[in-house]
There are 2 protein chains.
Amino acid sequence: MSPEPNPARHDRESVARHALALLDEVGLADLSMRRIAARLDVQPSALYWHFASKQELLADLADRITGSIPRGSTDVLATARGIRDALFAYRDGAELVLSTYALQLGSSHAQAALTEALRSQGAAAAEDRGAAILHFVLGHATLVQQRMHADSHGALGGDGEVDVTAGLDRVFDLGVVAIAGDLSAPASPPRVRA
Amino acid sequence: MSPEPNPARHDRESVARHALALLDEVGLADLSMRRIAARLDVQPSALYWHFASKQELLADLADRITGSIPRGSTDVLATARGIRDALFAYRDGAELVLSTYALQLGSSHAQAALTEALRSQGAAAAEDRGAAILHFVLGHATLVQQRMHADSHGALGGDGEVDVTAGLDRVFDLGVVAIAGDLSAPASPPRVRA
DNA sequence: ACCTGAACACCGTTCAAGT
DNA sequence: ACCTGAACACCGTTCAAGT
C-alpha cells in the first residue's frame with residue numbers, strides 16, 4: 001500500500017514509447033530529456049543508460065513514426081498519402097523525421113515504398129522520382145503541420161479570417177501526381193508537342 | 001589607443017548582420033542569443049532592446065535570406081534555382097526559412113516569384129503549382145543542406161564510400177519541371193491518352 | 001536610445017556510486 | 001541491468017538601473 005520509492009524500471013522500448021507520447025502532448029521544442037525523465041519518474045541521467053544522446057533518442061522516435069508507413073502498394077498517390085499521414089500522426093512528426101533524415105534511418109523505408117509503387121506502375125526514373133516525391137512530402141507536411149500549430153496558437157499573418165489549410169490537400173495531390181509522371185502512358189509516353 | 005570599455009552601439013541592422021554571419025559559421029543549432037551577444041561585444045540582455053525574442057530575430061534573418069531571391073523571371077526552373085541558391089547561401093539557410101515559414105514573412109516573396117513565372121508561361125493553376133514547387137524546394141534544400149553537413153562531419157550511414165550529393169541536382173530539376181507542368185503546351189494541353 | 005548586472009527557470013551530458 | 005546525486009557548462013528572458 002505504501003508508495004514504494006521507485007520500482008519503475010524501464011528499457012529502451014519503454015523510454016521511447018513514453019517519449020513519443022510526450023512529443024504528441026508538448027511538441028518537439030518542449031521535448032527535453034528532463035521532461036521525458038520526469039514523465040518516467042526517473043532522473044535525467046537515467047536516460048543515458050538507454051540512449052547515448054538526445055539525437056539518438058530522436059532518431060529512434062523518427063524511426064517509429066516512419067515504421068508505420070504501409071508498404072507494397074502499387075498506387076503512388078496512396079503511398080504518398082500514407083507517408084504524409086504517418087507524419088501527421090504525431091505532433092511535429094514531419095519536422096522530426098525531416099531533421100533526422102540525414103542520418104538515413106526510417107526515411108529510406110519511405111522512399112523505398114514510393115520507388116516500389118512507381119516501378120510497379122512502369123514509371124521511368126523511378127528512383128529519382130521517389131526521392132523527389134519524398135522531398136516534396138516532407139517539405140509539404142512540415143509546413144502544413146507548422147501552420148496548424150501556429151494557427152491554433154492564434155499567431156495569424158494579419159489577414160484576419162482566412163482558413164490557412166484550405167486547398168493544401170489539392171496542392172499535395174497536384175505535387176505528387178505531377179512528379180509521379182503521366183501514369184496513363186506505360187513506358188515511353190508519346191511526348192506530344194504543339 | 002587605449003581599448004575603450006564599450007563604445008560599440010548597435011541598431012537592428014547591425015545585430016541582424018552579425019547574427020547572419022555567425023549563423024554561417026556555427027550553424028543554426030549553435031546560434032544562441034548569448035553567442036550573438038558575445039560576437040557584438042554586448043551583454044545578452046542587450047539584444048532584447050532590438051528584438052522582442054529569439055524567434056523574431058530568426059524571422060528577420062529568414063527574411064534577409066529570402067530577400068535576395070531574384071524576382072520577375074519568366075523561367076520557372078531558373079526561379080526555383082534562384083530560391084534554392086538563396087537558401088544555400090547561408091549554413092542551415094533552408095532549415096531556418098522552413099521553420100520560420102509559418103509566420104508568413106519572406107516565404108510569400110518566394111512563392112510570388114514562382115507564381116509570376118508560372119503565369120507568364122501560361123500554366124494552369126499557377127497558384128497551386130507555385131505553392132507545391134515552394135514546398136518541394138524547401139524540403140529538398142533542407143535535406144540536401146543537412147546531408148552536406150552530416151557528411152563533412154563524418155557521420156555516414158554505413159555504406160562507406162558513396163557520394164551522397166550525387167544526382168541531387170537531377171532530382172531537383174525533375175521535381176520542379178514536373179510540378180511546373182507541360183510548358184510546351186500553352187493554355188489547355190491536349191491530354192493525350194492511350 | 002542603448003546597454004549593464006543580476007537574477008530566474010531552465011537545458012544536455014558526464015560520472016562516480018548505489019542496488 | 002538500471003538508476004541516483006551531484007556537478008559542469010550552457011540556455012532564453014526579464015527587469016531595474018545606468019549613460
Could you provide the dot-bracket string of DNA chain D, using ( ) for intrastrand pairs, [ ] for crossing pairs and | for bases paired to another strand, with Watson-Crick or G-U pairs below 3.5 Å? ||.|||||...|||||.||
Are [X] and [Y] close enough for a salt bridge, meaning some N to O gap below 4.0 Å?
| X | Y | value |
| --- | --- | --- |
| A:Arg64 | A:Asp60 | yes |
| B:Glu56 | B:Arg12 | yes |
| B:Arg91 | B:Glu25 | no |

Which whole-number value in Å describes the distance from [X] [atom1] to [N] [atom2]?
| X | N | atom1 | atom2 | result |
| --- | --- | --- | --- | --- |
| B:Phe51 | C:dC2 | CZ | C1' | 14 Å |
| A:Asp11 | D:dC2 | CG | C1' | 11 Å |
| A:Gln43 | D:dT4 | CD | P | 5 Å |
| A:Arg9 | C:dT19 | CZ | C1' | 7 Å |

Listed in order of residue number, which residues of residues 13-24 of chain A have a non-hydrogen atom at under 4.0 Å from DNA chain D?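 Contacting residues: none.
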Measure from NZ or CZ of A:Arg81 to the centre of the six-membered ring of A:Phe172 and say whether it is under 6.0 Å with the direction within 45° of the ring axis.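 Here A:Arg81 fails the 6.0 Å and 45° test against A:Phe172.
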State plainly whether one hydrophobic cluster holds both [X] and [Y], where clusters connect Ile, Leu, Val, Met, Phe, Trp and Tyr through side-chain heavy atoms under 4.5 angstrom apart.
| X | Y | value |
| --- | --- | --- |
| B:Leu77 | B:Ile69 | yes |
| A:Leu61 | A:Trp49 | no |
| A:Val171 | A:Leu138 | no |

Please work out which of the three classes, parallel, tilted or perpendicular, describes the rings of A:His135 and B:His140, given edges at 30° and 60°.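 It falls in the tilted class, 30° to 60°.
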Below the 4.0 Å mark, does D:dA1 have OP1 or OP2 next to a side-chain nitrogen or oxygen of A:His50?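 Checking D:dA1 against A:His50, no side-chain N or O comes under 4.0 Å of OP1 or OP2.
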Could you work out the separation of D:dA17 and C:dC2 based on their P atoms and round it to a whole Å?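 Those two atoms are separated by 22 Å.
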Would you indicate whether B:Phe51, at its atom CZ, is surrounded by more than 12 heavy atoms from other residues, nucleotides or ligands within a distance under 6.0 Å?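 Yes.
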For the residue pair A:Thr79 and A:Thr74, establish whether any side-chain heavy-atom pair is separated by less than 4.5 Å.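 No, their side chains stay 4.5 Å or more apart.
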Under the criterion side chain to side chain contact (heavy atoms under 4.5 Å, CB included), I'd like the reasoning laid out for A:Leu31 against A:Leu96: C-alpha separation, chi angles, the key distance, then a yes or no. CA-CA 11 Å; A:Leu31 188 72; A:Leu96 174 58; over 6 Å; no
Are any protein N/O atoms closer than 3.5 Å to N/O atoms in nucleotides 11-14 of chain C? If there are, list each pair with its distance.
{"residue": "C:dC11", "atom": "OP1", "partner": "A:Ser32", "partner atom": "OG", "Å": "3.0"}
{"residue": "C:dG12", "atom": "OP1", "partner": "A:Met33", "partner atom": "N", "Å": "3.0"}
{"residue": "C:dG12", "atom": "OP1", "partner": "A:Lys54", "partner atom": "NZ", "Å": "3.0"}
{"residue": "C:dG12", "atom": "OP2", "partner": "A:Met33", "partner atom": "N", "Å": "2.9"}
{"residue": "C:dG12", "atom": "OP2", "partner": "A:Arg34", "partner atom": "N", "Å": "3.4"}
{"residue": "C:dG12", "atom": "N7", "partner": "A:Arg34", "partner atom": "NH1", "Å": "2.5"}
{"residue": "C:dG12", "atom": "O6", "partner": "A:Arg34", "partner atom": "NH1", "Å": "3.0"}
{"residue": "C:dT13", "atom": "OP2", "partner": "A:Tyr48", "partner atom": "OH", "Å": "2.7"}
{"residue": "C:dT13", "atom": "OP2", "partner": "A:Lys54", "partner atom": "N", "Å": "2.8"}
{"residue": "C:dT13", "atom": "O5'", "partner": "A:Tyr48", "partner atom": "OH", "Å": "3.3"}

